[in-house]
**Student:** 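This structure is in structure tokens; I'll ask about it shortly.
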Amino acid sequence: MKIRIPQIFFLALYFTLSANIAYAQHAADAPSDDESAVASVPDATHFNTQHKGVFNGVTVKYTANAGETYVRDNSGDPTAAIFSFDYVAQQKSSANKPARPVTFIWNGGPGSSSTWLHVGAYGPKRIVVPSDASHPGAAPYIMKDAPESILDVTDMVFVDPVGTGFSRAIGKGNKEDFWGLTEDANGMAAFIAQWLTDNKRWNSPLFLLGESFGTTRAAAVAKVLLDDHLINVNGIVFVSQALDYQGSTPYVDDNIISYITYIPTMAATAWYHGKVDNSGDFEAFIQQSREFATQQLLPALFQGNLISNTKREELVTQLQRFTGLSKTYIERVNLRINAFRFAKELMREEGVAVGRLDSRYTKDERDDVADSPRADAAGAISPAYKAALMQFMQHDLKIDWQRKYLNPSDPELSGKWHWSPRPKGSTWEPHYVNTAPDLAAVLRSNPSMKVMVASGYYDLVTPFFDAEYTLNRHGIARDDIQYFYYHGGHMMYVHEPARKALLKDTRAFITSQLSR
């Protein structure tokens with residue numbers, strides 16, 4: 001049968017209208033992109049195992065819960081799955097028994113998982129690497145029980161921030177929403193509040209423990225917890241303090257402060273490697289280097305070219321005494337010793353560079369005339385820590401998951417990190433990162449809170465004298481800060497005597513805060 005043109009037109013119109021109506025109905029019934037993102041979020045993943053260990057002479061049965069906590073926006077929709085390793089002691093509930101404390105622990109970076117503090121220092125198991133700063137070699141590596149762990153006095157939650165470990169942005173969240181000084185603090189504080197809710201632990205004493213940038217984070221998180229969540233922190237442990245970055249930024253030429261804060265660490269390093277007279281008392285030598293740096297070198301650098309030739313010669317001689325560098329080199333750098341260049345210059349004649357993270361380590365580099373090391377000698381331990389953690393997760397914690405454990409972190413994290421304390425798009429007069437004012441504000445609002453500061457003598461990244469310089473300012477009361485020093489580097493727990501001392505001091509600090 002022939003169909004006339006008018007019939008064809010009406011049939012086409014009918015099918016077009018029918019299709020549009022069907023599409024409109026489907027669009028109305030289908031979820032939006034945001035709704036789809038939320039709907040596609042699976043349940044949080046958890047791996048639970050039961051364990052028993054002896055810590056500080058106390059037998060502890062505990063649950064290891066390795067799993068995700070969902071951080072949510074104001075609408076209750078998940079934006080991030082933050083993975084943590086939770087070690088929670090099993091104890092019989094009692095109305096008269098005080099709530100057990102919980103300590104949230106993270107490393108730094110930004111962009112570091114909690115690997116280092118987890119299997120190197122505070123966890124119930126530890127990786128064994130040479131204590132004398134020699135190379136740890138290749139696999140197999142040894143994992144041992146860690147009876148010095150603080151699990152006898154506190155539960156521990158080792159946290160991997162978004163973009164590290166198994167932690168990811170999910171749902172409506174974007175990873176960049178968590179990558180920044182303020183963004184990171186807000187996200188980690190939200191994680192803690194959610195963890196306390198999920199685990200019914202709101203009345204537990206709460207401690208924060210961070211290393212390096214993790215201390216930057218801890219100070220900021222403590223303030224966000226108080227301001228936005230009404231949560232008081234019982235105490236904070238800083239491992240390798242980094243709150244005000246001016247004192248740990250030696251590569252900015254006109255940064256006078258860094259030429260002062262690094263002097264005692266350079267003195268300790270020169271002492272360790274026998275580049276200065278080390279026949280006397282180490283502590284006395286370090287104290288003399290502090291006094292020289294603040295009482296003689298600082299005023300001279302402030303005066304600049306106004307100092308006399310006699311004074312300049314005196315300073316050169318003293319700098320040689322404390323750093324072990326030649327007078328010729330000190331003259332050439334105009335009394336301003338860049339700590340990173342020091343790592344190359346100290347043992348240049350031997351053809352080796354010392355480590356930045358731990359200046360006890362040495363490395364024979366190919367380029368013997370470079371101004372500074374091309375790699376960090378202390379990085380030799382990284383493969384051992386990675387192998388130990390992966391083995392521990394698979395065999396002890398029974399983590400069977402196809403998701404990649406990001407260590408190193410998401411490759412985009414460093415380049416997209418937002419250092420400004422102000423929201424993106426707003427104006428900002430750049431300055432050194434500094435969360436010490438956050439710490440000062442929390443200490444004034446919470447007088448019972450105290451801070452433990454653990455520093456390694458051989459840390460050329462976050463020098464111990466910078467911790468003193470930073471925390472003795474900003475209106476922080478002297479009695480609120482407790483300083484501890486160890487014969488190790490940035491990760492002082494690599495040195496076995498330092499690890500044991502660090503754990504002993506941390507246990508004593510937490511116990512003392514619980515008695516307040």
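Small disclaimer: the values here were computed from a predicted structure and weren't measured. For the single chain, residues carry numbers from 1 onward in sequence order.
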**Student:** For Leu439 versus Met449, what's the shortest heavy-atom pair and its separation?
**Tutor:**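 The answer is CD1-CE, 3.9 Å.
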**Student:** To the nearest 0.5 Å, tell me how far Gln288 CD sits from Asp281 CG.
**Tutor:**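 The distance works out to 9.0 Å.
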**Student:** Within the side chain of Ser84, is there an N or O that forms a donor-acceptor pair under 3.5 Å with the backbone of Asp86?
**Tutor:**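 No; zero donor-acceptor contacts below 3.5 Å.
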**Student:** Between atom CD1 of Ile337 and atom CZ of Arg341, what is the distance when rounded to the nearest 0.5 Å?
**Tutor:**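 Rounded to the nearest 0.5 Å, the CD1-CZ separation comes to 12.0 Å.
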**Student:** Look at Asp253 together with Arg336 and state whether they make a salt bridge at an N to O cut-off of under 4.0 Å.
**Tutor:**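 No.
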**Student:** If I take atom CD1 from residue Ile105 and atom CD1 from residue Ile150, how far apart are they, to the nearest 0.5 angstrom?
**Tutor:**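 Separation between the atoms: 5.0 Å.
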**Student:** Counting N and O atoms only, with roles assigned by atom type, does the side chain of Ser308 sit under 3.5 Å from a partner on the main chain of Lys311, one being a donor and the other an acceptor?
**Tutor:**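 A pair under 3.5 Å: yes.
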**Student:** For Lys223, I'd like to know if atom NZ has over 12 heavy atoms of other residues, nucleotides or ligands within 6.0 Å.
**Tutor:**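 No - once you tally the heavy atoms of other residues, nucleotides and ligands closer than 6.0 Å, there are 12 at most.
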**Student:** Which label fits Phe85 and His118: parallel for a plane angle under 30°, tilted from 30 to 60°, or perpendicular past 60°?
**Tutor:**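 Ring orientation of Phe85 relative to His118: tilted.
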**Student:** State which residue, out of Asp244, Thr470, Val221, Leu243, fulfils the side chain to side chain contact (heavy atoms under 4.5 Å, CB included) condition with Thr435.
**Tutor:**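 Checked Asp244, Thr470, Val221, Leu243 against Thr435; only one passes side chain to side chain contact (heavy atoms under 4.5 Å, CB included): Leu243.
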**Student:** Between the main-chain N or O of Gly214 and the side-chain N or O of Asn107, is there a donor-acceptor pair closer than 3.5 Å?
**Tutor:**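 No, the answer is negative, given that no donor and acceptor are paired below the 3.5 Å cut-off.
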**Student:** Restricting to pairs with a member in residues 253-280, which pass ring-ring contact (aromatic ring centres under 6.0 Å, His included), not counting sequence neighbours?
**Tutor:**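 Listed by first then second residue: Trp271-Phe282, Trp271-Phe285, Tyr272-Tyr458.
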**Student:** Could you tell me whether the side chain of Arg201 and the main chain of Arg100 form a donor-acceptor pair under 3.5 Å?
**Tutor:**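 Yes.
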**Student:** Report yes if some heavy atom in the side chain of Thr462 is under 4.5 Å from a heavy atom in the side chain of Gln241; otherwise report no.
**Tutor:**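 A side-chain contact under 4.5 Å is absent here.
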**Student:** Give a yes or no on whether the backbone of Ser512 and the side-chain of Ser515 come within a donor-acceptor separation of less than 3.5 Å.
**Tutor:**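 Pair found, side chain donor or acceptor close to backbone of Ser512.
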**Student:** Looking at Ser359 and Val354, would you say the former's side chain and the latter's main chain have a donor-acceptor pair under 3.5 Å?
**Tutor:**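 Checked: no pair found.
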**Student:** Tell me, which pairs form a salt bridge (Lys or Arg N to Asp or Glu O under 4.0 Å) where one or both residues lie in residues 481-501, sequence neighbours left out?
**Tutor:**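 As it turns out, the salt bridge (Lys or Arg N to Asp or Glu O under 4.0 Å) pairs with a partner in residues 481-501, which skip direct neighbours, are Arg126-Glu496, Glu148-Arg499, Glu496-Arg499.
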**Student:** Measuring from atom CG of Asp459 to atom OH of Tyr486, what distance do you get when rounded to the nearest 0.5 angstrom?
**Tutor:**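 One gets 13.5 Å once the value is rounded to the nearest 0.5 Å.
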**Student:** Just checking Lys504: does its NZ atom have more than 12 heavy atoms from other residues, nucleotides or ligands closer to it than 6.0 angstrom?
**Tutor:**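 Count not over threshold, so no.
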**Student:** Taking all non-hydrogen atoms of both residues, which atom of His487 and which atom of His495 are closest, and how far apart?
**Tutor:**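 Nearest heavy atoms, His487 then His495: O-ND1, 2.7 Å.
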**Student:** With a 4.5 Å heavy-atom cut-off, do Tyr493 and Leu117 have their side chains touching?
**Tutor:**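 Side chain of Tyr493 against side chain of Leu117, heavy atoms only: contact under 4.5 Å found.
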**Student:** Is it the case that Arg473 places NZ or CZ above or below the six-membered ring of Tyr469, under 6.0 angstrom from the centre and within 45 degrees of the axis?
**Tutor:**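 The answer is yes, since Arg473 meets both limits relative to Tyr469.
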**Student:** Mind running salt bridge (charged side-chain N to carboxylate O under 4.0 Å, His left out) on Lys275 and Glu350 for me, showing each step along the way?
**Tutor:** CA-CA 12 Å; Lys275 294 299 181 179; Glu350 289 91 331; 2.4 Å; yes
**Student:** Quick one: does any side-chain atom of Arg360 pair with a main-chain N or O of Asp132 as donor and acceptor, under 3.5 Å?
**Tutor:**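 No; zero donor-acceptor contacts below 3.5 Å.
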**Student:** Evaluate the side-chain contact (heavy atoms from CB on, under 4.5 Å) criterion for residues Leu206 and Leu196: first the C-alpha distance (whole Å), next the side-chain angles of each, then the deciding distance (0.1 Å), finally the verdict.
**Tutor:** CA-CA 10 Å; Leu206 190 154; Leu196 295 176; 3.8 Å; yes
**Student:** Out of Phe83, Phe104, Tyr70, Trp202, which one pairs with Trp195 under the ring-ring contact (aromatic ring centres under 6.0 Å, His included) rule?
**Tutor:**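 Checked Phe83, Phe104, Tyr70, Trp202 against Trp195; only one passes ring-ring contact (aromatic ring centres under 6.0 Å, His included): Phe104.
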**Student:** Mind listing the closest non-hydrogen atom pair of Ala218 and Trp106 along with its distance?
**Tutor:**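 For Ala218 and Trp106, the tightest heavy-atom pair comes out as CA-CZ2, 3.9 Å.
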**Student:** May I ask you to decide if Ala378's main-chain N or O and Arg356's side chain share a donor-acceptor pair within less than 3.5 Å?
**Tutor:**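 No, the answer is negative, given that no donor and acceptor are paired below the 3.5 Å cut-off.
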**Student:** side-chain hydrogen bond (donor to acceptor under 3.5 Å, both in side chains), that's the test. Do Gln318 and Glu314 meet it? Break it down for me.
**Tutor:** CA-CA 6 Å; Gln318 287 291 82; Glu314 178 185 333; over 6 Å; no
**Student:** Test of understanding: with salt bridge (charged side-chain N to carboxylate O under 4.0 Å, His left out), list the residues that count as partners of Arg312, not counting sequence neighbours.
**Tutor:**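 Arg312 satisfies salt bridge (charged side-chain N to carboxylate O under 4.0 Å, His left out) with Glu331 only.
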**Student:** Looking at Met156 and Tyr122, what are the two nearest heavy atoms and their distance?
**Tutor:**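 What the structure gives for the nearest pair is CE-O, 3.3 Å.
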**Student:** For residues Ser240 and Met492, report the shortest heavy-atom separation together with the two atoms involved.
**Tutor:**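 Where Ser240 meets Met492 most closely, the heavy atoms are OG-CE, 3.9 Å.
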**Student:** Search all heavy atoms of Asp376 against all heavy atoms of Leu357 and return the closest pair with its distance.
**Tutor:**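 Smallest interatomic distance, heavy atoms only, reads OD2-N, 3.0 Å.
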**Student:** In this structure, which one of Phe213, Trp179, Trp428, Tyr432 forms a ring-ring contact (aromatic ring centres under 6.0 Å, His included) with Trp419?
**Tutor:**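 Between Trp419 and the candidates, ring-ring contact (aromatic ring centres under 6.0 Å, His included) is satisfied uniquely by Phe213.
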**Student:** Can you find a pair of side-chain heavy atoms, one from Phe292 and one from Leu319, that are under 4.5 Å apart?
**Tutor:**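 They are in contact (side-chain heavy atoms under 4.5 Å apart), so the answer is yes.
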**Student:** Are there over 12 heavy-atom neighbours, none belonging to Arg374, within less than 6.0 Å of that residue's CZ?
**Tutor:**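 Yes, enclosed.
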**Student:** Between Ser113 and Asp160, is there a donor-acceptor pair closer than 3.5 Å when you use the side chain of the first and the backbone of the second?
**Tutor:**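 Pair absent, no side-chain N/O of Ser113 close to backbone of Asp160.
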**Student:** Nearest 0.5 Å please: distance from the CD atom of Gln295 over to the CZ atom of Arg290.
**Tutor:**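 Output value for this atom pair is 12.0 Å.
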**Student:** Could you give the distance from CD1 (Ile236) to CG (Asp480), rounded to the nearest 0.5 Å?
**Tutor:**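 Here the rounded value is 11.0 Å.
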**Student:** Within a 6.0 Å radius of atom CG on Asn203, are there more than 12 heavy atoms belonging to other residues, nucleotides or ligands?
**Tutor:**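 No, not enclosed.
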**Student:** Below 4.5 Å, heavy atoms only, C-beta onward: do Val162 and Ile82 meet side chain to side chain?
**Tutor:**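 A side-chain contact exists here, since the closest heavy-atom pair is under 4.5 Å.
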**Student:** Does atom CD of Glu349 have more than 12 heavy-atom neighbours, drawn from other residues, nucleotides or ligands, at distances under 6.0 Å?
**Tutor:**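 Result for CD/Glu349: open.
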**Student:** Hey, what's the ring geometry for Tyr485 with Tyr457, parallel, tilted or perpendicular (30° and 60° as the breaks)?
**Tutor:**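 If you compare the ring of Tyr485 with that of Tyr457, the planes turn out parallel.
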**Student:** Determine yes or no for a side-chain-to-main-chain donor-acceptor pair under 3.5 angstrom, with Thr103 supplying the side chain and Phe207 the backbone.
**Tutor:**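 Checking the backbone N and O of Phe207 against the side chain of Thr103, no donor-acceptor pair under 3.5 Å is found.
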